[in-house]
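What follows is a short report on a single structure.
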Amino acid sequence: MPKESTGLSLDGQGKPLWLSLELTYRCPLKCSWCNNPLDFDKYTEHELSTEEWKRVLAEARELGALQLGFTGGEPLQRPDLEELVAYADELGFYTNLITSGVGLNEARMAALKQAGLKQVQLSLQATRAALTDQLVGTRAHARKLEAARLIKAYGFPMVLNMPVFRHNIDLIDEMVAWAAELGVEYIEFANIQYYNWALLNRDELMPTREQIQRAEAVIQRWRERLDGAMTIYFVIPDYFEDRPKACMNGWGAIHLTIAPDGVAMPCQEARVIPGLEFHSVRDQSLAWIWHDSPLFRKYRGLDWLPEPCRSCSEKEKDFGGCRCQAFLLTGDAGNTDPACSRSPQHVLVQAAVTQAVAPQRFRKPLIKRSANGVCTSFMEE
Ligand code: FES
């Protein structure tokens, strides 16, 4: 039901086509680029129950949601994952599990298959055990490889997701070779976005421009060699581009995230923006939150755009960029995303790159995701 006055018709015809359920923020890993909130542990006691999640699923399907990602944290931490997948499948969702692979044993894989799960996205940071384990802060590599084997053995289409940053970007070549051998259908080299834990570690994690160019060349060679047998995604990080990304395809356009405590958001990071009014599915219907809540209407459509976006010919491509990044870097979510070279504050992004890649800079230890944020480790490069 498009409502023209709210700008709710960019695409998806006003429907939240993409639904992400952050079932929990609990996770056995300690990744320094995690996009969960810095105070993630404060939500643990307030997670939605199985019945509450089922109600959310039914309401979202009613609103027209189709694609469903079960994510976290680590969604396998929830013992009711299989029950929720089965219910979602019954409702007609295309279900996708987004997992680190830790906790994915054969019994759970079989149960997820039985429940109707359609696709699995597995994250893997490197093909080298010592590096993976050091990056994620625990012994996880062998369990990830076993998860990859199970995903293929059970016939799931597999998306391999490699979060990319300075420490592993030069290993893309061996990652594609490994994935091709395993028969992976899709591989995504996801240059990390600098929010939350990644922003804390931005200086250490940001690759150099030369690394990005080398990675692009490697990927191009693989695309030619594999000739369509595997789809390879690689998007240049927006800190190194002239234009911002069309984050979420526009605020409140097609994407809906539900946090573990039931708060509904236009993206996974929106709680970093102060002054917004958040609502939980415990207190409001999803239909009201999606169509009418001040949160979803705040930056929906094009009417709110500031200059220079308002008069920019590319505004319908990028919608002014990412609201969360605009807030984190400029202090105002209503500004043009400074990743855009037309932003008056683009210098902030340029300065961040210059600072991060300065060769003489003292390397700091990575801050690992942890409940109190004090766990650190130096990385070998
Ligand atoms: Fe929130 Fe981009 S991550 S709008």
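The first residue in the sequence is number 1, and the count goes up from there. Counting convention: from 1, in listed order, for ligands and their atoms alike.
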Kindly work out whether a path of hydrophobic side-chain contacts (I/L/V/M/F/W/Y, heavy atoms less than 4.5 Å apart) joins L112 to V159. no
Mark yes or no: R300 above the aromatic ring of W290, with NZ or CZ under 6.0 Å from the six-membered ring centre and no more than 45 degrees from the axis. yes
Here's one to test your reading of the geometry: is the NZ or CZ of K113 within 45 degrees of the ring axis of Y154 and under 6.0 Å from its centre? no
Can you classify the ring geometry of Y239 versus Y194 as parallel (below 30°), tilted (30 to 60°) or perpendicular (above 60°)? perpendicular
Strictly under 2.8 Å of atom 1 (Fe) of ligand 1: which protein N/O/S atoms qualify? C267 SG, C324 SG
Start with the C-alpha distance between Q325 and C247, add both sets of side-chain angles, then the distance that settles side chain to side chain contact (heavy atoms under 4.5 Å, CB included), and finish with yes or no. CA-CA 10 Å; Q325 184 154 279; C247 198; over 6 Å; no
Do E277 and L295 touch side chain to side chain, with heavy atoms closer than 4.5 Å? no
